There are 2 protein chains.
Amino acid sequence: MRESETPEPRPYHHGDLRRALVEAACRLLEKEGAQSLSLRAVAREAGVSPAAPYHHFKDKSELLDAVAHEGWEKLDLAFQAARDAQISPPDRVRELGVAYVRFASQHPDLYRVMYDCSRDKADMPAHVHENEESAYRRVREVLISAGADPTDEISLELATIACWCAAHGLAEMTSFKQFEPLKDALGGEEAFLRGVLAHVGVFAKGL
Amino acid sequence: MRESETPEPRPYHHGDLRRALVEAACRLLEKEGAQSLSLRAVAREAGVSPAAPYHHFKDKSELLDAVAHEGWEKLDLAFQAARDAQISPPDRVRELGVAYVRFASQHPDLYRVMYDCSRDKADMPAHVHENEESAYRRVREVLISAGADPTDEISLELATIACWCAAHGLAEMTSFKQFEPLKDALGGEEAFLRGVLAHVGVFAKGL
DNA sequence: TTTCTTATTTAAACAACGCTAAGATAGCGC
DNA sequence: GCGCTATCTTAGCGTTGTTTAAATAAGAAA
């Protein structure tokens, strides 16, 4: 807030502690895992006292909300390649699914935080669901261009939800070590993801 | 503590504290939620000191493992109706899916513990995957009797995994309040579940 | 400048947590 | 009786999330 125009004249004691805390939390998440992500550890990583975060976040869960928000933005970046690819609509649905699961596979602890926040509030994240550019809307549109009946609102929504469920389920299960042999047989995790999604109706045929 | 000499002859100090702790944990899970399920609270609920559980479980996660085990057994009971129903194989796959998600919807905190245990060990629960009676095998068999090629081992396994992913994803997302209007439009959560699963290829057509 | 006001941070403390170590107690075999 | 072992308790350690009060620094007003 209120960042001034010189290189580093910190307008307040720390500068932008809120931002620093979120970044420290992300750093710890990659380094130590979700298990050991305590508010005190975040404050320690940012070089401030344990009580400092409370001037920028109501409580720990609000810090995690901010981390999750950062996560959904990173996921959006991971989507870009699939979004811009010049491929058929059904293929694009599947590539969105692959990008989603691959992101979760590469940042498991961040994904866990992202999803736990949603679950605790019994809410889909705003990024995913609400605005016009959201992945939810995008899947919906691709389903239509792949042949779904645009007037059957209910069926369309059910199909979109089925997409998300399959992607989320796969995202959380892909690390199970029971699947290692199958991944090897298919030549890697990427092929495994594509293989599973190919068996989910909405991903396979566009409806 | 130490209720007076009741009919039952307690062979040790408490009788079967291990069992009592698991039951106390399940009770707390229904009453207070997963958030407030601490080891100390479980001990309190069971009427013993905070250190007592450590003679029956190595640490907290081992207690949760036992609770999760209990959970998978309860889920197996919830499966029975769908298993024994006299319906076509594709219908049975879907009914298994509905039973799975409905269980998670009715016992959200227990389901969370069940799944967190699996994720922390990067392992499918043994009940689900290993033995001959497992739901995993059962889905597999039903897929075959519904027309899947029994010789294509890889495709069969991918389809079975797709089933689990969709069911798990729906299990975790069904409580999102964004879906309330849709549930109302369809006449209840049960219809909503069936509607979503109908859009997942493996549930809809058996392959 | 000096003073006042407010935003930010710290230090100190509280209750609760997971867990460990030491000792007390109860059941069992001898 | 004796010892032995499993079980449970009391006490304590280090950590956590959170609150309170005091210190400090920045901006505005005099």
Side-chain angles (χ1 to χ4, degrees), chain A residues 1-25 28-29 31-68 109 113 116-117 120, chain B residues 1-25 28-29 31-68 109 113 116-117 120:
Chain A
M1 54 193 71
R2 231 181 288 217
E3 67 265 358
S4 81
E5 45 286 282
T6 44
E8 46 195 314
R10 281 166 297 154
Y12 287 96
H13 300 188
H14 183 282
D16 190 351
L17 182 55
R18 185 192 161 91
R19 173 72 168 263
L21 287 169
V22 173
E23 285 172 3
L28 278 180
L29 213 47
K31 209 178 357 173
E32 315 278 349
Q35 179 88 31
S36 45
L37 187 73
S38 67
L39 230 188
R40 293 177 104 105
V42 173
R44 228 174 288 138
E45 172 83 14
V48 293
S49 79
Y54 285 89
H55 292 266
H56 302 272
F57 302 98
K58 186 174 123 286
D59 55 18
K60 182 186 181 182
S61 81
E62 215 176 65
L63 204 195
L64 292 184
D65 283 349
V67 172
D109 297 284
V113 169
D116 282 351
C117 286
D120 287 345
Chain B
M1 61 175 73
R2 228 181 296 225
E3 320 112 27
S4 59
E5 37 290 277
T6 45
E8 305 100 71
R10 282 164 297 156
Y12 290 97
H13 300 188
H14 182 282
D16 190 352
L17 182 54
R18 184 190 162 92
R19 173 71 168 263
L21 287 169
V22 173
E23 284 172 5
L28 278 179
L29 214 46
K31 210 180 352 175
E32 314 279 349
Q35 181 88 32
S36 46
L37 185 72
S38 67
L39 232 185
R40 293 175 105 105
V42 173
R44 227 175 290 134
E45 172 83 13
V48 293
S49 79
Y54 286 90
H55 292 266
H56 301 272
F57 302 98
K58 185 172 124 286
D59 54 18
K60 183 185 181 181
S61 80
E62 216 175 64
L63 204 194
L64 292 184
D65 283 349
V67 172
D109 297 284
V113 169
D116 282 352
C117 285
D120 286 346

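The figures here come from the full heavy-atom set of this structure, side chains too, leaving out hydrogens, waters and symmetry mates. In what follows, chains are A, B, ... by sequence order, proteins preceding strands, each numbered from 1. As the structure is a computational prediction, the values presented were derived from the model and not from experiment.
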In whole angstrom, give the distance that lies between atom CG of B/Asp16 and atom P of C/dA26.
19 Å
Protein heavy-atom contacts under 4.0 Å, written 5' to 3' over nucleotides 13-18 of chain D as B (base), S (sugar-phosphate only) or - (none), form the string ---BBB
Matching residue for B/Leu64 among B/Leu37, B/Asp116, B/Asp120, B/Val22 - test: side chain to side chain contact (heavy atoms under 4.5 Å, CB included):
B/Leu37
Please report, rounded to the nearest Å, how far the P atom of C/dA22 is from the NE2 atom of B/His55.
13 Å
B/Phe57 CZ to C/dG18 P, straight-line distance once rounded to whole Å
14 Å
Atom of B/Arg18, atom of B/Ala66 and distance for their closest heavy-atom approach
NH2-CB, 4.3 Å
Atom-pair distance (NE2 on B/His56; P on C/dT20), nearest Å:
16 Å
Quick one: list whatever passes side chain to side chain donor-acceptor pair (under 3.5 Å) with A/Ser61, sequence neighbours left out.
A/Asp59
Is the backbone N or O of A/Ala34 less than 3.5 Å from a side-chain atom of A/Asp109, with the two atoms forming a donor-acceptor pair by type?
yes
Which heavy atom in B/Ala43 sits nearest to a heavy atom in B/Pro53, and how many Å separate them?
CB-CG, 4.0 Å
If you take all heavy atoms of B/Ala25 and B/Val67, which pair is closest and at what distance?
CB-CG2, 3.7 Å
What is the distance from CD of B/Glu45 to P of C/dA16, rounded to the nearest Å?
17 Å
